[in-house]
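Heads up: the structure comes next, in structure tokens.
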Amino acid sequence: MATKRHHEKGQAANTLAETQNHQIEPLQTRSARRESRAQEGNLDAVWRLRRQRVRLLPIWLRLVIVGLLTSICLLAGLVIGYGVVGNSENAWEVLSPQLWYSMIDAIRGH
């Protein structure tokens, strides 16, 4: 019985010593890890550093597309709302400036 306890204590001491001797790497950012891999000679990491993202659509074109889609949705909502919900005979009348001038005058009280 005494030898078994002595053996268990020895194993615990060995595992404790192993964990204390094990070096834990300090936390690094992703870019720092990539640079360290590149310095070690890992060609895959070097290739990743040099590779740049290729966009199918430039950012300015994305903004233009979003603006156009927003405008189309706004106009479609106006036409559907005025024609269907408002029970108007001509749904496209909502796009005429005279209607909007008359609404603004009614809001202002003129």
Side-chain angles (χ1 to χ4, degrees):
M1 184 94 164
T3 57
K4 185 176 181 182
R5 283 187 190 163
H6 180 68
H7 182 65
E8 289 175 1
K9 286 182 183 178
Q11 281 183 342
N14 287 340
T15 56
L16 181 62
E18 288 173 1
T19 56
Q20 288 176 350
N21 290 337
H22 181 63
Q23 295 178 355
I24 299 174
E25 295 180 15
L27 295 176
Q28 295 178 343
T29 61
R30 189 178 303 167
S31 60
R33 284 192 303 248
R34 286 181 186 159
E35 288 176 10
S36 65
R37 287 182 197 144
Q39 290 172 356
E40 291 173 2
N42 190 346
L43 296 177
D44 187 40
V46 173
W47 181 78
R48 282 187 199 144
L49 284 174
R50 292 183 182 168
R51 183 180 66 174
Q52 292 180 351
R53 181 178 177 178
V54 177
R55 291 191 170 99
L56 294 176
L57 297 173
I59 293 175
W60 65 268
L61 184 59
R62 291 180 190 187
L63 293 175
V64 168
I65 290 171
V66 167
L68 285 174
L69 290 175
T70 303
S71 301
I72 291 170
C73 289
L74 176 68
L75 292 175
L78 284 172
V79 169
I80 291 171
Y82 189 74
V84 176
V85 177
N87 292 327
S88 175
E89 293 177 10
N90 185 8
W92 297 102
E93 187 181 5
V94 75
L95 301 178
S96 69
Q98 291 175 342
L99 177 72
W100 291 98
Y101 290 138
S102 65
M103 279 194 239
I104 291 172
D105 288 342
I107 291 171
R108 289 185 182 168
H110 291 113

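Computed over heavy atoms, backbone and side chain alike; hydrogens, waters and symmetry mates excluded.
Hydrophobic clustering places L69 together with V64 (ILVMFWY residues linked when any side-chain heavy atoms are closer than 4.5 Å, directly or through intermediates). Clustering ILVMFWY residues whenever any of their side-chain heavy atoms sit less than 4.5 angstrom apart, transitively, puts W60 in the very cluster that holds L68. Residues V66 and L57 fall into different hydrophobic clusters, defined by Ile, Leu, Val, Met, Phe, Trp and Tyr side chains chained together at heavy-atom separations under 4.5 Å.
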Please list, one pair per line, the donor and acceptor atoms closer than 3.5 Å that link side chains of residues 80-92 to other protein atoms, with sequence neighbours excluded.
{"residue": "S88", "atom": "OG", "partner": "N90", "partner atom": "N", "Å": "3.4"}
{"residue": "S88", "atom": "OG", "partner": "N90", "partner atom": "O", "Å": "3.1"}
{"residue": "N90", "atom": "OD1", "partner": "W92", "partner atom": "N", "Å": "3.2"}

Throw together a table of side-chain donor-acceptor distances under 3.5 angstrom for residues 99-110, partners on residues two or more places apart or in other chains.
{"residue": "W100", "atom": "NE1", "partner": "V94", "partner atom": "O", "Å": "2.6"}
{"residue": "S102", "atom": "OG", "partner": "Q98", "partner atom": "O", "Å": "3.4"}
{"residue": "S102", "atom": "OG", "partner": "L99", "partner atom": "O", "Å": "2.6"}

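Here the straight-line distance linking atom OG1 of T70 with atom CG of L75 works out to 11.0 Å at 0.5 Å rounding.
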